2 protein chains.
Amino acid sequence: MQPVNPTFSPLYQQIKGLLLKSLQEGEWKPGELIPSETELAARYGVSQGTVRKAIDELAAENLVDRKQGRGTFVATHNEAKSEYRFLRLAADEEPGVKPKSTYLSVERVRASSQIAKLLDIKPSDAVFVVKRVMRFDGVPRIFDEIWLPASQYKGLTLERLQQWDSTLYGFLESSFNVRMLRAKEHIKAVSAQPEHSAILQVEVGTPLLLVERLSMTYADQPVELRRGWYLTDKFSYRNELY
Amino acid sequence: MQPVNPTFSPLYQQIKGLLLKSLQEGEWKPGELIPSETELAARYGVSQGTVRKAIDELAAENLVDRKQGRGTFVATHNEAKSEYRFLRLAADEEPGVKPKSTYLSVERVRASSQIAKLLDIKPSDAVFVVKRVMRFDGVPRIFDEIWLPASQYKGLTLERLQQWDSTLYGFLESSFNVRMLRAKEHIKAVSAQPEHSAILQVEVGTPLLLVERLSMTYADQPVELRRGWYLTDKFSYRNELY
DNA sequence: TAGTGGTCTAGACCACGTG
DNA sequence: ACGTGGTCTAGACCACTAT
């Protein structure tokens with residue numbers, strides 16, 4: 001027997017799509033409570049269990065945050081739980097130590113063809129280039145060079161970054177309504193160049209981890225590209241495999 | 001109102017525990033079909049939905065493999081799907097290229113205190129040290145040094161490794177009934193030493209990725225420690241963040 | 001006490017793979 | 001045609017949080 005409907009899509013996936021749309025359009029803002037499962041079930045005319053399965057997937061992707069007895073909240077980078085959610089570097093001895101960022105510069109330039117291609121914009125488009133250093137216990141360990149498509153971050157300045165005292169992603173979310181949902185990283189080992197050498201206070205030629213990250217928001221739209229040089233003599237990049 | 005039972009554990013978690021026990025004890029072997037959800041529900045005296053939720057979690061952890069219309073299979077490293085499941089290195093240009101391993105040596109030695117600590121064995125315990133090189137399109141890109149607690153891999157020899165033509169984890173699973181379920185990696189950038197230099201055919205001092213992996217089987221028991229030196233000029237270690 | 005997410009059930013039906 | 005996993009429903013009850 002052939003399937004009746006060859007383009008079959010489960011109901012809960014369709015509900016998930018509707019929820020994603022509401023999230024993307026800002027019907028519920030970061031940190032806010034979304035309607036209860038029962039309420040959403042009534043709204044979409046499906047059973048509570050179906051809504052539940054849709055929300056299950058959103059929770060697994062860290063788009064929302066369930067709290068038993070309280071409700072389901074829109075995830076935000078401005079909360080303890082997802083602070084440094086994407087940062088995989090940790091000290092070999094005291095893995096708990098958190099970094100502090102210092103912003104060095106913000107420039108507005110045209111995207112190179114390489115950067116443009118990765119960010120899925122035109123080579124002539126403007127991008128902000130942010131440079132910063134992250135220190136752990138006062139010791140510089142990461143130098144980041146961050147490209148942000150200017151069209152999405154109008155009015156970004158070094159001063160505003162320097163005044164912000166939490167994470168960059170929290171800042172971008174609060175100030176420009178751009179939320180990083182997932183990212184891909186490509187990691188290589190390279191030698192420290194003079195620029196890195198000065199900032200990370202190591203000799204030219206010291207091996208560094210080069211972490212290239214492309215971050216995406218809703219609909220897999222790329223909204224940030226960064227290259228980070230990590231000093232890994234006493235720290236390492238952590239990963240789990242399943 | 002206080003909870004009635006402070007040590008509450010959902011039924012499906014208990015069922016998951018029972019399934020894990022059967023998997024660990026080999027009631028169902030790698031690659032084999034496990035009983036249907038209906039059958040398991042009858043066996044444990046719960047509803048099919050409860051069994052389903054237990055299996056959902058096992059599937060999410062890659063311990064079993066569901067196939068609609070066919071059944072649920074015990075995951076194995078000896079199948080296309082999980083070949084190189086833990087290998088994150090891929091070519092920047094042609095990410096699909098698969099490596100070929102060459103085994104260089106197998107030694108039986110006493111674990112150093114450092115290795116013993118990580119493998120959770122006594123420093124006096126014997127371990128096998130395996131050295132190998134992995135080539136992509138004939139080019140050596142990874143040099144691995146692998147520690148295996150001798151007690152779990154009795155009779156391991158270089159010859160047997162050289163005769164095996166699939167992945168190491170497939171070999172360890174088939175020959176010693178040890179299945180790698182998950183692993184943790186710590187990644188650093190280092191300079192090539194003379195030993196790496198000779199094997200990877202690069203100059204001493206070339207930056208290499210040092211990937212230290214600790215692999216676990218059931219009950220989070222560590223059963224493999226390895227250090228891999230990756231040449232990342234045209235390849236990179238891939239990771240996804242959520 | 002009320003409301004939320006979390007668990008569990010029983011049953012119906014669908015999509016998929018195999019014989 | 002049959003058996004499997006996958007979806008969907010409706011309803012009951014539990015655990016947790018806030019008021």
Side-chain angles (χ1 to χ4, degrees), chain A residues 1-19 22-23 28 31-75 79-81, chain B residues 1-19 22-23 28 31-75 79-81:
Chain A
M1 186 88 155
Q2 293 304 310
V4 178
N5 179 2
T7 57
F8 168 72
S9 164
L11 236 196
Y12 75 87
Q13 286 290 358
Q14 302 173 37
I15 303 300
K16 185 185 174 190
L18 294 174
L19 294 173
S22 289
L23 286 167
W28 314 304
E32 282 182 11
L33 192 61
I34 75 172
S36 73
E37 296 179 352
T38 320
E39 210 170 323
L40 290 168
R43 166 165 164 180
Y44 297 124
V46 300
S47 79
Q48 181 258 1
T50 300
V51 169
R52 181 164 188 78
K53 184 144 188 183
I55 296 180
D56 274 347
E57 296 206 348
L58 297 176
E61 296 165 19
N62 290 315
L63 294 185
V64 298
D65 208 3
R66 318 182 91 135
K67 300 193 176 166
Q68 189 176 15
R70 298 184 57 198
T72 300
F73 297 80
V74 182
E79 57 175 354
K81 196 199 170 204
Chain B
M1 186 89 157
Q2 292 303 313
V4 177
N5 178 1
T7 58
F8 169 72
S9 162
L11 236 196
Y12 75 87
Q13 287 288 0
Q14 302 174 37
I15 302 301
K16 184 185 174 188
L18 294 173
L19 293 173
S22 289
L23 286 166
W28 314 303
E32 281 181 11
L33 192 60
I34 74 171
S36 72
E37 296 179 353
T38 320
E39 211 170 323
L40 290 168
R43 167 166 166 180
Y44 296 124
V46 301
S47 78
Q48 180 259 0
T50 300
V51 170
R52 181 165 189 76
K53 186 146 187 182
I55 297 182
D56 274 347
E57 296 205 348
L58 297 177
E61 295 165 19
N62 290 316
L63 294 184
V64 298
D65 207 4
R66 317 183 92 134
K67 300 192 177 166
Q68 189 175 15
R70 297 184 59 198
T72 301
F73 298 80
V74 181
E79 59 175 354
K81 197 197 171 205

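Proteins get letters first, then strands, A, B, ... in listed order; numbering begins at 1 in each. Remember, predicted model here, so these are calculated numbers, not experimental data.
- We find that CG of Leu11(A) is positioned 15 Å from C1' of dA15(C), with the value rounded to whole Å.
- Proximity of a side-chain donor or acceptor of Glu79(A) to a complementary backbone N or O of Gly31(A) within less than 3.5 Å is not detected.
- Close to dT9(C), at under 4.0 Å from its OP1 or OP2, lies a side-chain N or O of Thr50(B).
- Across dT9(D), dC16(D), dG5(D), the shortest atom-to-atom separation from the side chain of Arg52(B) is found for dG5(D).
- Atom-to-atom, NZ of Lys67(B) to P of dT18(C) comes out at 9 Å; the value is rounded to the nearest Å.
- Side-chain proximity of Ser36(A) to the nucleotides dT4(C), dT9(D), dA15(D) is greatest for dT4(C).
- When the side-chain nitrogen and oxygen atoms of Arg66(A) are compared with OP1 and OP2 of dG6(C), one or more of them lie within a distance under 4.0 Å.
- Here CD of Gln48(B) is found 8.5 Å from CD1 of Ile55(B). Values are rounded to the nearest 0.5 Å.
- Regarding Asp56(A), its CG atom lies at a distance of 15 Å from the P atom of dG6(D), rounded to whole Å.
- Whole-Å rounding puts the Gln13(A) CD to dG6(D) P distance at 13 Å.
- Taking atom CZ of residue Phe8(A) and atom P of nucleotide dG6(D), one finds them 11 Å apart after rounding to whole Å.
- Each of dA15(C), dG5(D), dT9(C) was ranked by its minimum atom distance to the side chain of Glu37(B); first place goes to dG5(D).
- Between Gln48(B) atom CD and dT9(C) atom P the separation is 11 Å, expressed in whole Å.
- Distance check: Asp56(A) CG to Tyr12(A) OH gives 10.0 Å after rounding to the nearest 0.5 Å.
- At the heavy-atom level, Thr72(B) lies under 4.0 Å from the strands shown only through sugar-phosphate atoms.
- Computed from coordinates, the Leu40(B) CG to dC8(C) P distance equals 16 Å when rounded to whole Å.
- Ranking dT7(C), dG6(C), dG5(D) by closeness to the Gln68(B) side chain, first place goes to dG5(D).
- Remark: Lys53(B) is in phosphate contact with dT7(C), judged by side-chain N or O atoms under 4.0 Å from OP1 or OP2.
- Residue Glu39(B) contributes atom CD, which lies 15 Å from atom C1' of dC2(D) at whole-angstrom precision.
- Side-chain nitrogen and oxygen atoms of Arg70(B) include at least one within less than 4.0 Å of the OP1 or OP2 phosphate oxygen of dT18(C).
- The CZ atom of Arg52(A) sits 15.0 Å away from the CD1 atom of Ile15(A) when rounded to the nearest 0.5 Å.
- Atom CG in Leu19(B) sits 6.0 Å away from atom CD1 in Ile34(B) (nearest 0.5 Å).
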